[in-house]
Number of protein chains: 2
Amino acid sequence: MSEDDRAIARERVIESMEQSAEVYGLSRSAGRIYGVLYFSEEPLSIPELVDETGYAKSTISNVTRTLTRIGMIYRRSSEGGGRRVQYTAEREVWFILQDVFQQYVQREIQTTLRTVQRAQAQLPDDSKNETERIEELRETYEDLQEIVTLASEFTAAELRDALESYDR
Amino acid sequence: MSEDDRAIARERVIESMEQSAEVYGLSRSAGRIYGVLYFSEEPLSIPELVDETGYAKSTISNVTRTLTRIGMIYRRSSEGGGRRVQYTAEREVWFILQDVFQQYVQREIQTTLRTVQRAQAQLPDDSKNETERIEELRETYEDLQEIVTLASEFTAAELRDALESYDR
DNA sequence: CGCTTTGTTCGGTACACTCCGAACAAACAA
DNA sequence: TTGTTTGTTCGGAGTGTACCGAACAAAGCG
């Protein structure tokens, strides 16, 4: 098993992370930067990330900021006392997915639900077309909110177990 | 309760759908077109959708195609025998979310899992850094795949019930 | 057969987004 | 102090996407 083979396998997985990043609304560079940090043994600084990824310093700076904001990587204010900033990856993918879920899906469901509830409050229940539709929407979104809220409190294993053991 | 109030409530909800569409990777126009169809009592043709939404005919044509492809709306080859194509909305929001899930999330998880499995197969288990990381990834993604597969077979109510009644 | 209506396709414009490089700020080293 | 390293910010080039209008195809109606 050569070092080359390991590097190739690593590269494939990182490419896959670039792909996934796009699916989750991030840039390819974000996927690569995360991937490099994911496989790195030690924390990396911005210049080191420039070397590893080939991206410009400014790109690294901007992308690390957003990755830090959404909790995919962590920023440590240097450990040698120097000015260098160090980054490490959150390696629990499940945590990351929960965060993305929370920030995008859950938020979207909540605002939609609020809009629907407000719209419904201003309408009478005279079963006109709009009124019925809005009622249906509200019910669905209340279910959704409950599901997402519960799911975000589970670990992946618990969630899997809950679904596998559920008897209809 | 005036017709105006109803129209205003309707408009608010449709705006919310435009927003949601963007979250799910669709265009705003897709959200509005779906929303108009969602509230419409009868099926609508392309010219009618042009009137209702203000979008250009070509935009309606393109967007209805993609909405039809992903199952958010249905296309009926005219019911008066004429050439007009009629569109109706899928009103079960849960079905739509399942489809989106299936097409985007599930697919992404599957390709990632395949990549990780292939990478792992080419590496020995000598517990080097890359090898460990890839093993962790594989486990997480196997859990994820199982969760998503199971969840996509549930109705919203069942899923909610499964989570609510699960005792850790 | 024209003429109208409907729907698709194609080229173009406007806009947002990604990434780069340069300029700048801040801290350390000599 | 001056020079060097690190990190952020800003302007711009390149690219993709949404949407529009025009041209075109296809079908019904006189």
Side-chain angles (χ1 to χ4, degrees), chain A residues 14-15 17-37 42-70 72-88 104, chain B residues 14-15 17-37 42-70 72-88 104:
Chain A
I14 290 181
E15 279 168 10
M17 286 174 171
E18 289 180 333
Q19 190 79 16
S20 301
E22 284 189 319
V23 174
Y24 297 125
L26 297 171
S27 58
R28 294 186 71 81
S29 55
R32 174 155 296 268
I33 291 170
Y34 174 79
V36 167
L37 286 172
E42 312 95 25
L44 297 181
S45 66
I46 289 188
E48 287 164 337
L49 282 170
V50 169
D51 283 350
E52 294 282 335
T53 64
Y55 283 113
K57 202 174 44 160
S58 55
T59 302
I60 305 286
S61 174
N62 288 319
V63 174
T64 48
R65 175 147 30 92
T66 76
L67 286 180
T68 303
R69 185 162 43 81
I70 62 180
M72 283 181 69
I73 65 176
Y74 301 111
R75 179 195 174 108
R76 303 205 179 138
S77 295
S78 169
E79 71 179 31
R83 189 167 174 255
R84 281 197 163 196
V85 175
Q86 310 267 39
Y87 292 98
T88 54
Y104 287 79
Chain B
I14 290 181
E15 278 168 9
M17 286 173 170
E18 287 180 334
Q19 191 79 17
S20 302
E22 284 190 319
V23 174
Y24 296 124
L26 298 171
S27 58
R28 293 187 72 80
S29 54
R32 173 155 296 268
I33 291 170
Y34 174 79
V36 167
L37 286 172
E42 312 95 25
L44 297 181
S45 66
I46 289 188
E48 287 165 336
L49 282 171
V50 169
D51 283 349
E52 295 281 336
T53 64
Y55 283 112
K57 202 174 43 159
S58 54
T59 302
I60 305 286
S61 173
N62 287 320
V63 174
T64 48
R65 175 147 30 91
T66 76
L67 286 179
T68 303
R69 184 161 45 81
I70 63 180
M72 283 181 67
I73 65 177
Y74 300 111
R75 179 193 175 109
R76 301 203 180 140
S77 296
S78 169
E79 71 179 31
R83 190 168 173 254
R84 282 198 162 196
V85 175
Q86 310 267 41
Y87 291 98
T88 54
Y104 286 79

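Values in this document were obtained by computation on a predicted structure and should not be read as measured data. Each chain gets a letter, A, B and so on, in the order the sequences are listed, and its residues count up from 1. Below, each value reflects all heavy atoms present in this structure, side chains not excepted, and no hydrogens, waters or symmetry copies.
- Computed from coordinates, the L49(A) CG to dC20(C) C1' distance equals 17 Å when rounded to whole Å.
- Below the 3.5 angstrom threshold, one finds a donor paired with an acceptor across the side chain of S58(A) and the base of dG21(C).
- Between the CZ atom of R84(A) and the C1' atom of dA29(C) there is a distance of 15 Å, rounded to whole Å.
- Each of L67(A), T88(A), T68(A), L37(A) was scored for a side chain to side chain contact (heavy atoms under 4.5 Å, CB included) with Y74(A), with one residue passing: T88(A).
- One can place CD of E22(B) at 16 Å from P of dC15(C), the figure rounded to the nearest angstrom.
- A straight line from NZ of K57(A) to C1' of dG21(C) spans 10 Å, rounded to a whole angstrom.
- Between R65(A) and dG7(D) there is no side-chain polar atom (N or O) within less than 4.0 angstrom of OP1 or OP2.
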Under 3.5 Å, which donor-acceptor pairs link side chains of residues 54-62 of chain A to any protein atom two or more places apart or in another chain?
unit_1 : atom_1 : unit_2 : atom_2 : d
N62(A) : OD1    : R65(A) : NH2    : 2.9
N62(A) : ND2    : S58(A) : O      : 3.1

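- Between the CZ atom of R75(B) and the C1' atom of dT6(C) there is a distance of 11 Å, rounded to whole Å.
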Please list each protein N or O that sits under 3.5 Å from an N or O in nucleotides 13-19 of chain D, with the distance.
unit_1  : atom_1 : unit_2 : atom_2 : d
dC19(D) : OP1    : S29(B) : N      : 3.3
dC19(D) : OP1    : S29(B) : OG     : 3.4
dC19(D) : OP2    : S27(B) : OG     : 3.3
dC19(D) : OP2    : S29(B) : OG     : 2.2

Checklist entry - Stepwise, does the side-chain contact (heavy atoms from CB on, under 4.5 Å) test hold for I70(B) with L26(B)? => result CA-CA 11 Å; I70(B) 63 180; L26(B) 298 171; 4.0 Å; yes
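- One finds no salt bridge joining E15(B) and R28(B) here, because no Lys/Arg side-chain nitrogen approaches an Asp/Glu carboxylate oxygen to under 4.0 Å.
- The nearest whole Å value for the distance from the OH atom in Y87(A) to the P atom in dT6(D) is 14 Å.
- Straight-line distance from the CD atom of E48(B) to the P atom of dT5(C): 14 Å, rounded to whole Å.
- For the atom pair OH of Y34(A) and CE of M17(A), the computed distance is 5.5 Å after rounding to the nearest 0.5 Å.
- Here T64(A) contributes atom OG1 and L44(A) contributes atom CG; the two are 11.5 Å apart, rounded to the nearest 0.5 Å.
- At least one donor-acceptor pair under 3.5 Å links the side chain of E48(A) to the backbone N or O of S45(A).
- Five base pairs at each end of the helix from dC1(C)-dG30(D) to dA30(C)-dT1(D) define two local axes, and these are offset by 10° (rounded to 10°).
- Side-chain N/O atoms of S61(A) include one lying less than 4.0 angstrom from OP1 or OP2 on dT8(D).
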